[in-house]
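What follows is one structure encoded as structure tokens, with my remarks underneath.
Numbers here simply count residues along the sequence, with the first being 1.
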Amino acid sequence: MSFPTGCAIIRPPRDGGIRYRGLTQEQVLPVDYEIEYICRGNRVIVGPKVRKCLPNGTWTDLSQRTLGKKKLYIGALFPMSGGWPGGQACLPSAQMALDLVNKRTDILPDYELELIYYDSKCDPGVATKLLYDLLYTEPIKIVLMPGCSSVSTLVAEAARMWNLIVLSYGSSSPALSNRQRFPTFFRTHPSATLHNPTRVQLFLKWNWTKIATIQQTTEVFTSTLDDLEQRVKEAGIEISVRQSFLTDPAVAVKNLKRQDARIIVGLFYETEARKVFCEVFKEKLYGKKYVWFLIGWYADNWFKIKDPAINCTVEQMTEAVEGHVTTEIVMLNPEIVRGASNLTSEEFLAHLTSKLGGKNPEEIGGFQEAPLAYDAVWALALALNKTVGPLRAKGHRLEDFNYNNKDITSEIYHALNTSSFEGVSGHVVFDAQGSRMAWTLIEQLQGGSYKKIGYYDMTKGNKGNLSWFGNDSWIGSGPPADQTVVIEEFRFLSQKLFISVSVFAGLGILLGIVCLTFNIYNSNVRYIQNSQPYLNNMTAVGCMMALAAVFPLGIDGLHVPRSRFPVVCQFRLWLLGLGFSLAYGSMFTKIWWVHTVFTKKDEKKDKRKHLDPWKLYATVGVLLTIDIMSLMIWQIVDPLHITVEKFTREVPKGDLDVLIEPLLEHCSSEKMNTWLGVVYGYKGLLLLMGIFLAYETKSVSTEKINDHRAVGMAIYNVSVLCMITAPVTMILSSKQDASFAFASLAIVFSVYITLVVLFVPKMRRLITRGEWQSDQQETMKTGSSTNNNDEEKSRQLERENKELQKIIQEKEERVSELRSQLSERQALRSRRPPSSTTLNHSSPPLSTPHTDPKSLLPPPGYPLPTSDSHSLPPSFSNSSNLYQPDSKINRSNCHTRRLQLLYK
């Protein structure tokens, strides 16, 4: 049996009329065509007000169900064309929902919902005209339903002026989540910011606390990023890098690479995504160290589409995007649940596909958003149904709504705000800003195709519910770190260097013990006594203390825990400070006394030739006390503690996603530079003064301190080494091996030089000359004490007296011989006749060799011979043949010079 394709035109009744939808002029109207009776004057229509063309070619009389039902009108704007032609699928979906709602007897039984719609073309300008047509054309609309974010923004901002609720099915702009600006706005399409709770949940799941972002500079992405920044801050996550671009992302991607971004959230459209990942490939900002988060509504093969705007191949793009994660709003309930409409999501798709005539869903605009439009009609119907009772209690009815009635608007707002039901798009619920809270699908690109790895449901509470499949895949062993792992590594002293220097220091301490033992054992020897042995003992002890300071200088965190490291710092300071004061102070005291005594005027020099040992010891004590007091004040006021110096991070060998941050422990205090300046200034003055005194006394000879020249040499060496070492070690403080080597070797060399110069010559003299043996034997014979200085001096004077007596005896023998010769010559002169004397006077003088008269003089201190009181005649003085000097005279001359030297 075949049915006609339409219904014949109904003639209007008497005194009435018919409003023909579409103003068709044909005799047969299509199936599902509706006509509405219009009253003229004050007449009342009896029977149905609206008739519908049935498939069998007859008109419905609606005598049973529509009798007395009141209509509620919904003003809708569906973009059938334009930037987003979502109305192509959303309009049929909304009409399906209206048909089911109007057939339900448990939902608005006394009302019928009717949709009045126009094509907004997703254009705010067109939408403005259509909005005013809806508002200023009968009948009154109880709710507005726009689509497209730009149109919804316009409608929602103007609707509050007419006390209208706005329920959108296709608006994702985060800007619409603003209750101050859009107080009556709701939407079943989730906000673009709904991705952010899912992203934050994933960050927490993978233990990431630092992320980076890169966005295209458009309002929707800026708003989304602002919301993300607030959410991650609440979760304790930091956005370390935030980059944006307008058209060219090259600079932004380079900045991400330069700032070591690892977890990157990208907010941009599909075309810009291809540009971004072409630059990502060039900068190598992909692989096992990086994770990209993208928007999930790109086409599945978006990275394989050829784009003339980029110069990367499909293979390069595929390599760059591998492993990235996407989040996408779930617009179709993945569970098999029959919700408020008594349809599952699969049944809904079957009905919609049938209503669309079997067209390819990919060619129909808004097919993905169709479930949202369907659930929007159901959300509105359920909310209106919920308001019937409260309004009746207040004496209001839905049909009484007008644009000035705030009470009915308030009830509808409250009902929508508390909506909660299962729809074909999932659980429908609104947040405080009127935005839909929905499920989020989490996918990962694995092997060039997207795999579902989880869902996140924001409708079950503030924290949501994460459903994880556990099939996420990573290039490395697992999710990468959110930043380069920085491993703190302490720098310790080279143990080979420490052991080598410690051996030298230990040998130096043994040498100091040997020198100290030698000096104490031979302290009774006169030569040792004349070198002030007690000061030399102090020098040896100070040198050993300085060498002992080498060991704590090399001890660091490798040997002792950090809690005990300040004790090591104290040992360094006190051993080195007191060792320097003892060793250098004792040498400085010696050279200072020599300079004081032997560089003054003669009358003052004679008064000071007597040396009081206690004055020398007191001088050393004063220098030592100054050091002790200064160190005590330092440690009480500003004690030493451990500080850690950080160095530039280093990249280890191998492909490891780590950086090594070297650390070095130092002994320091709050005002370390001030204290070092005071100590270095005081010690530096002593060193300079010691050099000056050593130079001034280099030619002085004294028996009181017979080793002052050796002391001067030691002072030269110590001063030069100290003046070089102090500034160099401060410069090299960050290089533990070089600093320790320089400081410790300077200590070792200065100590070795001091001990060798001061003590080795004494050992050599006592061993080679045997002075220590003869002195000890004589001491045993006399029975006197080894420490008796007067007996030593007496024995020395006796030896000198014996030598002088021998010289005097030789001189006396020579004097006697000269006297006998003089007597013989006088006798010969007396026997000669006077004529011979005259002749002798007239004759020329004979040349005689010149004889030094001093050679005939007696030694100093002895009287001249009495027989020589008369002068000799000239003939005798000029007679060379009568007086010839012999070998005894030469020996006496030599004895005379030796005698003068001894008496001097």
Side-chain angles (χ1 to χ4, degrees), residues 498-525 527-555 571-591 616-617 619-621 623-624 627-628 683 686-687 690 694 705-722 725 740-767 772:
F498 178 54
I499 293 173
S500 301
V501 177
S502 297
V503 169
F504 281 105
L507 294 176
I509 292 175
L510 291 178
L511 177 61
I513 294 173
V514 171
C515 294
L516 180 63
T517 304
F518 165 80
N519 210 52
I520 295 175
Y521 182 76
N522 296 285
S523 59
N524 61 320
V525 178
Y527 181 74
I528 300 298
Q529 289 177 346
N530 287 343
S531 66
Q532 296 299 322
Y534 290 107
L535 292 180
N536 289 339
N537 292 342
M538 294 181 187
T539 302
V541 172
C543 289
M544 288 188 287
M545 292 179 67
L547 287 174
V550 171
F551 299 103
L553 277 175
I555 293 176
F571 272 102
R572 293 180 183 179
L573 183 63
W574 285 89
L575 285 175
L576 194 56
L578 298 183
F580 179 86
S581 296
L582 281 174
Y584 184 80
S586 57
M587 294 189 296
F588 178 82
T589 301
K590 282 185 181 182
I591 208 73
L616 301 177
Y617 307 148
T619 304
V620 177
L623 296 177
L624 191 61
D627 267 358
I628 293 175
K683 302 290 186 182
L686 285 180
L687 293 173
I705 301 178
N706 55 19
D707 61 348
H708 75 279
R709 288 191 177 90
V711 170
M713 186 181 297
I715 286 177
Y716 287 144
N717 288 281
V718 171
S719 300
V720 171
L721 286 174
C722 289
T725 303
F740 172 77
F742 209 93
S744 58
L745 292 178
I747 295 173
V748 170
F749 287 154
S750 61
V751 167
Y752 270 82
I753 292 172
T754 300
L755 294 177
V756 169
V757 168
L758 288 183
F759 293 98
V760 172
K762 295 180 178 62
M763 295 179 183
R764 181 172 178 274
R765 172 165 177 153
L766 266 64
I767 292 173
W772 60 281

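Within a 6.0 Å sphere centred on OH of Y534, heavy atoms belonging to other residues, nucleotides or ligands number 12 at most. Counted within 6.0 Å of CE on M763, heavy atoms from surrounding residues, nucleotides or ligands total more than 12; the atom is thus considered enclosed.
Counting heavy atoms from C-beta on, the side chains of T539 and V711 never come closer than 4.5 Å. Looking at L578 and I628, their side chains come closer than 4.5 Å, going by heavy atoms from C-beta outward.
Across M587 and A714, no two heavy atoms sit closer than the pair SD-CB, 3.7 Å. Closest heavy-atom contact between V550 and F498: O-CE1, 4.3 Å. Taking every heavy atom of both residues into account, A505 and F551 meet most closely at CB-CZ, 4.2 Å. The minimum heavy-atom distance linking C543 with A583 is given by the pair N-CB, 3.8 Å. Residue A694 comes nearest to G712 through the heavy atom pair CB-CA, 3.7 Å, listed as atom of the first residue, atom of the second, then distance. Nearest heavy-atom pair across Y617 and M538 is CD2-CE, 4.1 Å.
L535 contributes atom CG, which lies 13.0 Å from atom CZ of F588 (distance to the nearest 0.5 angstrom). Between the CG atom of N522 and the OG1 atom of T517 there is a distance of 10.5 Å, given to the nearest 0.5 Å. Distance check: L755 CG to I513 CD1 gives 11.0 Å after rounding to the nearest 0.5 Å. Taken to the nearest 0.5 Å, the CD1 atom of I528 stands 9.0 Å off from the CZ atom of F759. Rounding to the nearest 0.5 Å places CG of L758 at 8.0 Å from OG of S586. Interatomic distance, L547 CG to L576 CG, rounded to the nearest 0.5 Å: 10.5 Å.
Residues passing the side-chain contact (heavy atoms from CB on, under 4.5 Å) test with L573 are L631, W634, Q635, L640, sequence neighbours excluded. Residues that satisfy the ring-ring contact (aromatic ring centres under 6.0 Å, His included) test with Y584, not counting sequence neighbours, are F580. Applying the side-chain contact (heavy atoms from CB on, under 4.5 Å) test to L575 and every residue at least two apart in sequence or in another chain returns M545, A548, A549, P552, F571. Residues meeting the side-chain contact (heavy atoms from CB on, under 4.5 Å) test with L516, sequence neighbours left out: I520, N537, A540, V541, M544.
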_Quick one, L624 with L582, criterion side chain to side chain contact (heavy atoms under 4.5 Å, CB included). Give me CA distance, side-chain angles, the key distance, then yes/no._
CA-CA 7 Å; L624 191 61; L582 281 174; 4.1 Å; yes
Tell me which donor-acceptor pairs under 3.5 Å the side chains of residues 745-752 have, and how far apart each pair is, sequence neighbours excluded?
residue: S750; atom: OG; partner: A746; partner atom: O; Å: 2.9
residue: S750; atom: OG; partner: I747; partner atom: O; Å: 2.9
residue: Y752; atom: OH; partner: F504; partner atom: O; Å: 2.9
residue: Y752; atom: OH; partner: G508; partner atom: N; Å: 3.1

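For the side chain to side chain donor-acceptor pair (under 3.5 Å) condition, no pair includes a residue of residues 543-554, sequence neighbours left out.
Side-chain atoms of K590 and N536 form a donor-acceptor pair, as typed in the model, at a separation below 3.5 Å.
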